[in-house]
Structure formats: C-alpha cells, structure tokens
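Accompanying notes for the structure given below.
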Amino acid sequence: MNLKSSNFVNGIPEMLLLRILSQEEMYGYQLVSTISKRSEEVLNFGEGCIYPILHRLSAEGYITSRREVVEGRPRHYYRATTKGKKKLDSLQTDWNRIIQGTQIILGASYV
C-alpha cells in the first residue's frame, strides 16, 4: 500500500464520519461533538474540517442528507449509504494495515 500523507491525514476524519453515520443519522455539529466525546476529547475536529468532508462525501454518494427545520433553524441530517459503508470497509482495512505496519516498526511493546 502506498500512502500519500495528505490522504492518510484526511482519511481519518472521513473514516470516523462514515463509521458514525453508518450507525445513526446525525447533523454536522452533533458529529463534531460525538467524535470529541467518543474519543474522550483526544480528537477535536472543528466544523470547518467536518463540513467540507460531509459535502464531498455527499457529492460522491457516500452519504445522503435531509433537511429539517428545528426550532426555526434548518438542520441537515446525514446518513451513510450502502456505497459509503463499502467505502468505510475499505478505509478500515487500510487503517488496520497502517496500524500493523506501525506496530512492526515501533515494536509490539509500544502499543
């Protein structure tokens, strides 16, 4: 596997978004908050990072969105499509290979 550093770094929030959205429907700010909470505050992606990824995933057919007005304000809810779930499987496979290669180099005692 040949990784470009930008694909590696950008792939992490994409993978996390697809994972969460394959489990349940959420809106943007809720996703930002969920990632932070589930990672025990280790991962804190701002909305400026998350929304462009959501828009790209939607344009590529990996997620769908629906608009709903909540308390007078429009909110877009997102959910992974079947295509998005397949993409998630691929990203998780790559991620597991990255972890395995890193463990080999750093030594199993590191993990």
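The structure presented is a predicted model; accordingly, all values stated were derived computationally and were not measured.
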State the [atom1]-[atom2] distance between [X] and [Y], to the nearest 0.5 angstrom.
{"X": "Leu88", "Y": "Leu16", "atom1": "CG", "atom2": "CG", "result": "9.5 Å"}
{"X": "Leu18", "Y": "Lys87", "atom1": "CG", "atom2": "NZ", "result": "8.0 Å"}
{"X": "Phe45", "Y": "Ser39", "atom1": "CZ", "atom2": "OG", "result": "8.0 Å"}
{"X": "Leu91", "Y": "Asn96", "atom1": "CG", "atom2": "CG", "result": "11.0 Å"}
{"X": "Ile50", "Y": "Leu31", "atom1": "CD1", "atom2": "CG", "result": "7.0 Å"}
{"X": "Ser22", "Y": "Ile20", "atom1": "OG", "atom2": "CD1", "result": "9.0 Å"}

With sequence neighbours excluded, residues passing side chain to side chain contact (heavy atoms under 4.5 Å, CB included) with Arg75: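 Here the qualifying residues are Tyr27, Val70, Tyr77.
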Any residue meeting side chain to side chain contact (heavy atoms under 4.5 Å, CB included) with Lys83, in chain and number order, not counting sequence neighbours: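 Partners of Lys83 by the side chain to side chain contact (heavy atoms under 4.5 Å, CB included) criterion, ordered by chain and then number, come out as Tyr62, Thr81.
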Would you say Thr93's side chain and Asp89's backbone share a donor-acceptor pair under 3.5 angstrom?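 A pair under 3.5 Å: yes.
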Do any N or O atoms from the side chain of Ser58 and from the backbone of Leu54 form a donor-acceptor pair under 3.5 angstrom?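 Pair absent, no side-chain N/O of Ser58 close to backbone of Leu54.
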Within-4.5 Å side-chain heavy-atom neighbours: Thr34 and Gln30: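 Result yes, sub-4.5 Å side-chain heavy-atom pair found.
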In the structure I gave you, are the side-chain heavy atoms of Arg79 and Met26 within less than 4.5 Å of one another anywhere?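 No. Closest side-chain heavy atoms not under 4.5 Å.
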Show the nearest heavy-atom pair for residues Pro74 and Arg67, with the distance to one decimal.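 Scanning both residues completely, I find the closest heavy atoms to be CB-NH2, 3.2 Å.
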Mind listing the closest non-hydrogen atom pair of Tyr78 and Gly28 along with its distance?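 Heavy atoms only, the tightest pair is CE1-N, 4.1 Å.
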So which pairs with a foot in residues 41-55 pass side-chain hydrogen bond (donor to acceptor under 3.5 Å, both in side chains), sequence neighbours left out?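 Non-adjacent pairs meeting side-chain hydrogen bond (donor to acceptor under 3.5 Å, both in side chains): Ser36-Glu41, Ser36-Asn44.
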Decide if atom CD of Glu40 counts as having more than 12 heavy atoms of other residues, nucleotides or ligands within a radius under 6.0 Å.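 Check fails, neighbour count at 12 or below.
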For Gln92, side chain to side chain donor-acceptor pair (under 3.5 Å) partners two or more places apart: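 Not a single residue meets the side chain to side chain donor-acceptor pair (under 3.5 Å) criterion with Gln92.
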Qualifying salt bridge (charged side-chain N to carboxylate O under 4.0 Å, His left out) pairs with a residue from residues 18-32, counting only residues at least two apart or across chains: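 Listed by first then second residue: Glu24-Arg38, Glu25-Arg66.
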